[in-house]
Amino acid sequence: MQAGRLNERVTIQNFITIRLPSGQPDKEWSDGRTIWAEVRGVSGRELIASGAEMGEATIRVWTRITDDITSASRIRCESGGFKGSTLDVVAPPIPDAKNDRMEILCKLGVKS
């Protein structure tokens with residue numbers, strides 16, 4: 001793996017269950033680890049070839065292998081071209097052939 005390509009900081013967010021003052025359970029996003037990643041938009045040619053919806057932005061995130069990210073997670077971009085954006089994970093992370101990094105497909109969520 002080329003470590004120089006992982007040059008953007010992202011924070012992993014997952015849902016946690018909390019108790020409201022009334023005693024009712026509620027869920028909220030909780031910040032997890034901040035890690036290095038490569039965040040790139042998927043090209044129009046790749047979208048057409050895959051048959052994906054053209055209405056929403058598709059983002060590809062590469063990170064080192066971690067078990068913190070699931071298809072229920074989201075990723076907040078702390079630096080780089082998508083700084084301030086939240087990316088919703090749309091599929092389980094896919095490890096590469098060498099099993100040293102993984103690809104995470106996301107859609108562009110809200111900008112904070």
Side-chain angles (χ1 to χ4, degrees):
M1 173 177 31
Q2 297 173 345
R5 296 181 75 171
L6 304 179
N7 58 0
E8 299 173 35
R9 298 295 279 172
V10 298
T11 299
I12 302 164
Q13 295 182 322
N14 287 299
F15 265 127
I16 61 167
T17 302
I18 61 166
R19 290 264 176 214
L20 298 175
S22 64
Q24 294 293 320
D26 194 17
K27 292 192 173 211
E28 69 179 22
W29 289 106
S30 173
D31 286 351
R33 294 186 311 137
T34 299
I35 59 174
W36 292 102
E38 177 184 0
V39 182
R40 298 286 172 258
V42 175
S43 72
R45 180 175 292 174
E46 288 176 297
L47 286 174
I48 291 170
S50 70
E53 293 279 331
M54 293 297 282
E56 58 187 37
T58 302
I59 312 297
R60 180 178 288 142
V61 178
W62 287 96
T63 68
R64 289 184 174 86
I65 296 289
T66 179
D67 58 358
D68 298 359
I69 303 172
T70 67
S71 57
S73 301
R74 71 182 189 180
I75 298 171
R76 190 178 67 231
C77 298
E78 306 291 343
S79 65
F82 292 96
K83 182 178 181 177
S85 297
T86 300
L87 308 176
D88 299 320
V89 177
V90 296
I94 306 163
D96 70 350
K98 295 178 184 176
N99 206 29
D100 63 350
R101 66 181 186 153
M102 60 186 187
E103 175 184 28
I104 307 156
L105 295 177
C106 304
K107 67 179 181 177
L108 192 57
V110 296
K111 185 133 180 154
S112 39

(request) Could you check if a side-chain atom of R101 sits within less than 4.5 angstrom of a side-chain atom of T63, using non-hydrogen atoms only? (result) no

(message) What I'd like to find out is whether the side chain of L108 reaches to under 4.5 Å of the side chain of L87, using heavy atoms alone.
(response) yes

(request) Look up atom CD1 in I18 and atom NZ in K27, then write down how far apart they are to the nearest 0.5 Å. (result) 11.5 Å

(request) Side-chain contact test, heavy atoms from C-beta onward, threshold under 4.5 Å: evaluate it for P93 versus E103 and give yes or no. (result) no

(request) Report yes if some heavy atom in the side chain of V10 is under 4.5 Å from a heavy atom in the side chain of I35; otherwise report no. (result) yes

(request) Check whether any side-chain N or O of S79 sits under 3.5 Å from a backbone N or O of R9 as a donor-acceptor pair, and report yes or no. (result) yes

(message) Tell me the closest heavy-atom pair linking F82 and V39, and the distance in Å.
(response) CD1-CG1, 3.5 Å

(request) Go through the structure and list residues passing side chain to side chain contact (heavy atoms under 4.5 Å, CB included) with D68, not counting sequence neighbours. (result) I12, R33, T66

(message) Nearest 0.5 angstrom please: R60 CZ to I104 CD1, how far?
(response) 12.0 Å

(message) Taking salt bridge (charged side-chain N to carboxylate O under 4.0 Å, His left out) as the definition, give me every residue that meets it alongside R40, ordered by chain and number, with sequence neighbours left out.
(response) E8, E38

(message) Using 0.5 Å steps for rounding, measure from the CD1 atom of I69 to the CG atom of N14.
(response) 8.5 Å

(request) State the CG-CD distance between L20 and E28, to the nearest 0.5 angstrom. (result) 9.0 Å

(request) With sequence neighbours excluded, tell me which residues meet side chain to side chain contact (heavy atoms under 4.5 Å, CB included) with S71. (result) P92

(request) Check whether any side-chain heavy atom of R74 sits under 4.5 Å from a side-chain heavy atom of W29, and report yes or no. (result) yes

(request) Please answer: with hydrophobic residues joined when any side-chain heavy atoms are less than 4.5 Å apart, are I65 and V61 in the same cluster? (result) yes

(message) Any heavy-atom pair between the side chains of V89 and I75 that's under 4.5 Å?
(response) yes

(request) Search all heavy atoms of L6 against all heavy atoms of W62 and return the closest pair with its distance. (result) CD2-O, 3.4 Å

(message) Are the side chains of D88 and C106 in contact, using a 4.5 Å heavy-atom criterion?
(response) no

